[in-house]
Amino acid sequence: MRRSIFSILLVICGALSLSAQEFKVITSVESIVSSGLGRSRIIDGNEEKDYAEFTSTQTEDDNTRNKSKRDEIRVKDFDETKLLNFFNIGGIRFQNIAANDAIITSKINAMVADGWELAFVTSAVESDSGKGDSSGIFITRYIFKR
């Protein structure tokens, strides 16, 4: 009896582990434009896209350029959560950073409550490159799976 119950549980666990995983990317963009003129947001796309529809294969014999149309690729159904900019007129604003952390934490907690697991986080900066360039962004991608 114990052996058959154990066998059934083993089969159920094996079936669950064979199911496909689903991934979702949430992106935060935080402005590092001086004087607080930039825009900062969390972007959460609600539309699914199949990358294969916009992919072409280049070969030595066929190097035809990818003819995908921008309006076909563009996602128009997404959630946009406002964040605060890192800078204001007086310079860097630490309250804004703390506020953004609280909002991003809330978003992560909501995703986890919906059954998502935070799998990876990656970030990058495009910052002020000197005289004449007063713009930049801090972008972070949160990759969830379930």
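Judged as a side chain to side chain donor-acceptor pair (under 3.5 Å), and not counting sequence neighbours, Arg39 has no contacts. For Arg141, there are no salt bridge (Lys or Arg N to Asp or Glu O under 4.0 Å) partners two or more places apart in sequence or in a different chain. Residues passing the salt bridge (Lys or Arg N to Asp or Glu O under 4.0 Å) test with Glu47, sequence neighbours excluded: Lys49. In this structure Arg41 satisfies the salt bridge (Lys or Arg N to Asp or Glu O under 4.0 Å) test together with Glu80, sequence neighbours excluded. Looking at residues two or more places apart in sequence or on another chain, you find no salt bridge (Lys or Arg N to Asp or Glu O under 4.0 Å) involving Lys145.
More than 12 heavy-atom neighbours from other residues, nucleotides or ligands sit within 6.0 angstrom of CD on Gln58. Other residues, nucleotides and ligands place more than 12 heavy atoms under 6.0 Å from the CZ atom of Phe54.
Atom CG of Asn46 is separated from atom CG of Asp79 by 4.0 Å, given to the nearest 0.5 angstrom. Between Ile43 atom CD1 and Thr27 atom OG1 the span is 8.0 Å, to the nearest 0.5 Å. Interatomic distance, Thr57 OG1 to Asp62 CG, rounded to the nearest 0.5 Å: 9.0 Å. Note: Glu72 CD to Glu53 CD = 8.5 Å, rounded to the nearest 0.5 Å.
Residues Trp116 and Val112 share a single hydrophobic cluster, defined by chaining ILVMFWY side chains whose heavy atoms lie under 4.5 Å apart. The same ILVMFWY cluster, assembled from side-chain heavy atoms under 4.5 Å apart, contains both Ile103 and Leu118. One hydrophobic cluster, built from ILVMFWY side chains closer than 4.5 Å, cannot hold both Tyr142 and Phe120; they sit in different ones. Residues Ile26 and Ile108 are members of one and the same hydrophobic cluster, defined by side-chain heavy-atom contacts under 4.5 angstrom among Ile, Leu, Val, Met, Phe, Trp and Tyr. Residues Ile97 and Val125 share a hydrophobic cluster, clusters being chains of Ile/Leu/Val/Met/Phe/Trp/Tyr side chains in contact below 4.5 Å.
Looking at Arg146, its side chain does come within 3.5 Å of a backbone N or O of Asp114 through a donor-acceptor pair. Between the side chain of Ser40 and the main chain of Ser31, a donor-acceptor pair closer than 3.5 Å is present. Side chain of Glu30 to main chain of Ile137: no donor-acceptor pair is present (N/O by atom type, distance under 3.5 Å, no hydrogens or angles).
Using a 3.5 Å distance cut-off with no hydrogens or angles, the side chains of Asn66 and Ser68 do pair a donor with an acceptor. Side-chain contact check for Asn96 and Asn85: no donor-acceptor pair (N or O, by modelled atom type) lies under 3.5 Å.
Applying the salt bridge (Lys or Arg N to Asp or Glu O under 4.0 Å) definition to pairs two or more places apart or across chains, those involving residues 94-110 are Asp44-Lys107.
Using a 30° and 60° split on the angle between ring planes, Phe138 and Phe86 fall in the tilted class, from 30° to 60°.
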